[in-house]
Amino acid sequence: MKPASFAYHRAESAQAAMALLDQFGGEAKVLAGGQSLIPAMNFRLARPARLIDINPATDLAYVRGTGTEGLHIGAMARQRDVERSSLVQSLAPLLHEAMPFVAHPQIRNRGTIGGSLAHADPAAELPAVMVAIGARFQVGSREGTRWIGASDFFTGLFATALKPTELLLAVHVPAPQPRSGHAFIEFSRRHGDYALVGVAATVWLDGRDACAGARIALLSVGDAPVPAHRAVQALEGQVPSSDVIQAAAHAASRHDVDPPGDIHASSDYRRHLVGVLVRRALTRAFERARRA
């Protein structure tokens, strides 16, 4: 199929894009990488009256940062550039580890960081990763800019806290804490397919090797990235032995999720995968934290 007719607008900068959004609001869709939007338009699942193309907005395409201020990624940074960035590898190792799991190289060549986050697919890797690393999103409109924490940005199935006149501008990832570790694990039928379940985790240790804090975000088990709060509670203040990690994994699978079932996996199978993958991810993350 082909998309329904629409008016095309080319935005040469973030300011130009925000001006167009201010003018057209809810009748417009923003075209970034187009790896999700264009197929949806071709199947007429999305029928925007106007398309605002921000590919020319080079002021949104950057990756920069330092060990003290953290990492700043423009919304139009291509996923492939983020995957290959040495800055991302050093300042956001969890993001670096997760990038090869995002679809296929051909998709990552065109797909953008901001486009994936604004699309808010609950089976996508990047939203869960951003929740697990405590990222913040800068969004803007003609009225000004504001910051939204990743845990507050994703509000439901393909839904975000973005207003119709707002544009996602950038992502800020805080610098890694001392004695911190990370892990990303997902299970899919084939590499590049949407995961049946995925886990993104960051942990950090105190001076006595006990867990000083953790963030665990699960994907493909709800309408948005699911934070595993009960699992984190089972870890905090505990020396992360195999029994402690197993208890956290059990809490994640039994108390943090109520996964849907579909033709790919039953609810019970997804719940089982949550327990297995959380245990593996936490084991790996704490091993890295001890070596940090």
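Predicted, not measured: the structure shown is a model, and the values here were computed from it.
- Taking the six-membered ring where tryptophan is involved, the planes of His250 and His255 are perpendicular, since the angle between them exceeds 60° and thus also 30°.
- Between the side chain of Arg270 and the backbone N or O of Leu196 there is at least one donor-acceptor pair closer than 3.5 Å.
- When each of Val226, Asp256, Val203, Val199 is paired with Ile216, the side-chain contact (heavy atoms from CB on, under 4.5 Å) condition holds for Val199 and for no other.
- For the pair Asp206 and Arg179, the salt-bridge criterion is not met [side-chain N within less than 4.0 Å of a carboxylate O].
- You'll find the side chain of Ile148 reaches within 4.5 Å of the side chain of Val139, heavy atoms only.
- In this structure, Ile73 CD1 and Leu87 CG are separated by 9.5 Å, a value rounded to the nearest 0.5 Å.
- No side-chain heavy atom of His264 sits less than 4.5 Å from a side-chain heavy atom of Tyr194.
- A side-chain hydrogen bond (donor to acceptor under 3.5 Å, both in side chains) check over residues 2-25, counting only residues at least two apart or in different chains, returns the pairs Tyr8-Asp53, His9-Arg50, Arg10-Glu12.
- Using a 4.5 Å heavy-atom threshold, the side chains of Val171 and Leu117 count as touching.
- Side-chain contact between Ile54 and Ile52 is present, with at least one heavy-atom pair separated by less than 4.5 Å.
- Rounding to the nearest 0.5 Å gives a distance of 5.5 Å between CG of Leu91 and CG of Leu71.
- Taking 4.5 Å as the limit, some side-chain heavy atom of Pro93 sits within range of a side-chain heavy atom of Pro176.
- Salt bridge absent: Glu143 and Lys163 never bring a charged side-chain N and a carboxylate O closer than 4.0 Å.
- Between Arg290 and Glu287, no side-chain nitrogen of the basic residue sits less than 4.0 Å from a carboxylate oxygen of the acidic one, so the salt-bridge criterion is not met.
- Listed by chain and residue number, Trp147, His172 satisfy the side-chain contact (heavy atoms from CB on, under 4.5 Å) test with Arg136 (two or more places apart in sequence, or in another chain).
- With a 6.0 Å radius and a threshold of 12 heavy atoms from other residues, nucleotides or ligands, Arg189 has its CZ atom at or below the threshold.
- A salt bridge between Glu83 and Arg78 is absent, with no side-chain N of the basic residue lying under 4.0 Å from a carboxylate O of the acidic one.
- In this structure, Leu45 shares a hydrophobic cluster with Phe43, the cluster being traced through Ile, Leu, Val, Met, Phe, Trp and Tyr side chains under 4.5 angstrom apart.
- The CZ atom of Phe184 sits 10.5 Å away from the CE atom of Met99 when rounded to the nearest 0.5 Å.
- When ring centroids are compared, Tyr62 and His72 stay outside the 6.0 Å threshold.
- Phe153 has its side chain out of reach of Val131: every pair of non-hydrogen atoms, C-beta onward, lies at least 4.5 Å apart.
- Separation of atoms CG (Leu126) and CD1 (Ile113) is listed at 5.0 Å; rounding is to 0.5 Å.
- Nearest heavy atoms, Ser180 versus Gln177: OG-O, 2.7 Å.
- Here the side chains of Met41 and Pro39 are not in contact, with every heavy-atom distance at 4.5 Å or above.
- Put simply, CD1 on Ile133 and OG1 on Thr202 are 8.0 Å apart, with the number rounded to the nearest 0.5 Å.
- In this structure, Thr112 OG1 and Leu60 CG are separated by 10.0 Å, a value rounded to the nearest 0.5 Å.
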